[in-house]
Chemist: 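The structure that follows is given in the form of structure tokens.
All ligand and atom numbering here is 1-based and tracks the order in the structure. Side-chain atoms are counted along with the backbone in the values below, which use heavy atoms only and exclude waters and symmetry mates.
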Amino acid sequence: MFGPPGSGKGTQASRVALRLAIPHVAAGDMLRNEVARGTDLGREAKPIMDAGGLVPDDLVVRMINARLNQQDAAKGVLLDGFPRTVPQAVTLDRMLKVRDDYVAEVISLEVPDDELKTRILKRADVEGRSDDTAEGLANRLVVYHQDTWPVLEHYRSVGTRIETIDGVGDIDTITERIVTALRHHGISVTST
Ligand code: AMP
């Protein structure tokens with residue numbers, strides 16, 4: 001699940017993963033969990049996350065690799081917020097290849113920047129995420145356009161299917177857009 005900060009990718013990924021009956025692997029949630037537990041990784045990641053930057057590739061890759069080694073990931077996972085840089089994507093492709101696996105599909109949620117800003121500032125009031133500040137958000141958008149957007153180009157160049165989904169609308173409508181696209185590609189998705 002690919003998309004800018006505030007595009008609803010976390011919400012959509014968790015709903016779609018349920019209906020695909022595979023784990024939802026969210027890099028941001030895993031990092032926040034490390035921060036909450038006060039692990040070495042969490043201590044390193046926190047200031048970077050609060051400033052809206054990216055945690056170093058090797059740390060994130062190690063964390064995701066460990067997650068993919070868990071038994072429930074054997075039949076595939078829905079990745080959310082990873083890969084976020086081209087080097088992460090290249091490493092992921094390699095990590096999957098040794099497992100005789102690959103990225104089957106990229107779901108790209110598209111939401112205009114103006115709408116993202118409104119949504120994130122609203123989320124700041126509701127969830128109190130420490131990176132949902134005007135400054136953190138501005139940085140995350142710059143990082144997204146600079147470092148993360150090229151990941152789509154990477155997957156386009158290796159011939160991975162990319163499904164572009166209009167991410168503006170109500171939550172159920174967007175989930176159905178994604179489900180319909182997956183079904184078109186012969187992926188089986190349960191109806192609720
Ligand atoms: P998210 O919950 O996906 O918005 O992620 C929150 C923050 O966690 C990001 O702004 C980054 O600081 C960090 N983060 C999440 N995923 C990654 C990743 N794949 N690579 C580097 N940093 C990440």
Chemist: Apply salt bridge (charged side-chain N to carboxylate O under 4.0 Å, His left out) to E110 and list each qualifying residue two or more places apart in sequence or on a separate chain.
Modeler: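 Salt bridge (charged side-chain N to carboxylate O under 4.0 Å, His left out) check on E110 returns nothing, list empty.
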Chemist: Show which side-chain atoms of residues 146-154 pair as donor or acceptor with protein atoms under 3.5 Å away, not counting sequence neighbours.
Modeler:
residue	atom	partner	partner atom	Å
T148	OG1	R84	O	2.8
E153	OE1	R156	NH1	3.0
H154	NE2	D93	OD2	2.7

Chemist: For residues D29 and H24, is any side-chain donor paired with an opposing acceptor at under 3.5 Å?
Modeler: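 There is no such pair between these side chains.
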Chemist: Please walk me through it: do I48 and L54 pass side-chain contact (heavy atoms from CB on, under 4.5 Å)?
Modeler: CA-CA 6 Å; I48 302 171; L54 288 180; 5.5 Å; no
Chemist: May I ask you to check whether H185 and E163 show a side-chain donor-acceptor distance below 3.5 Å?
Modeler: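 Short answer, yes.
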Chemist: If you count only heavy atoms, which residues are under 4.0 Å from ligand 1?
Modeler: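 Ligand 1 pocket, heavy atoms under 4.0 Å: K9, A27, G28, L31, R32, M49, G53, L54, V55, V60, G81, F82, R84, Q88, R129, D131, R140.
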Chemist: Taking only residues two or more places apart in sequence or in another chain, which ones pass side-chain contact (heavy atoms from CB on, under 4.5 Å) with L59?
Modeler: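 L59 satisfies side-chain contact (heavy atoms from CB on, under 4.5 Å) with L41, E44, V55, P56, R62 only.
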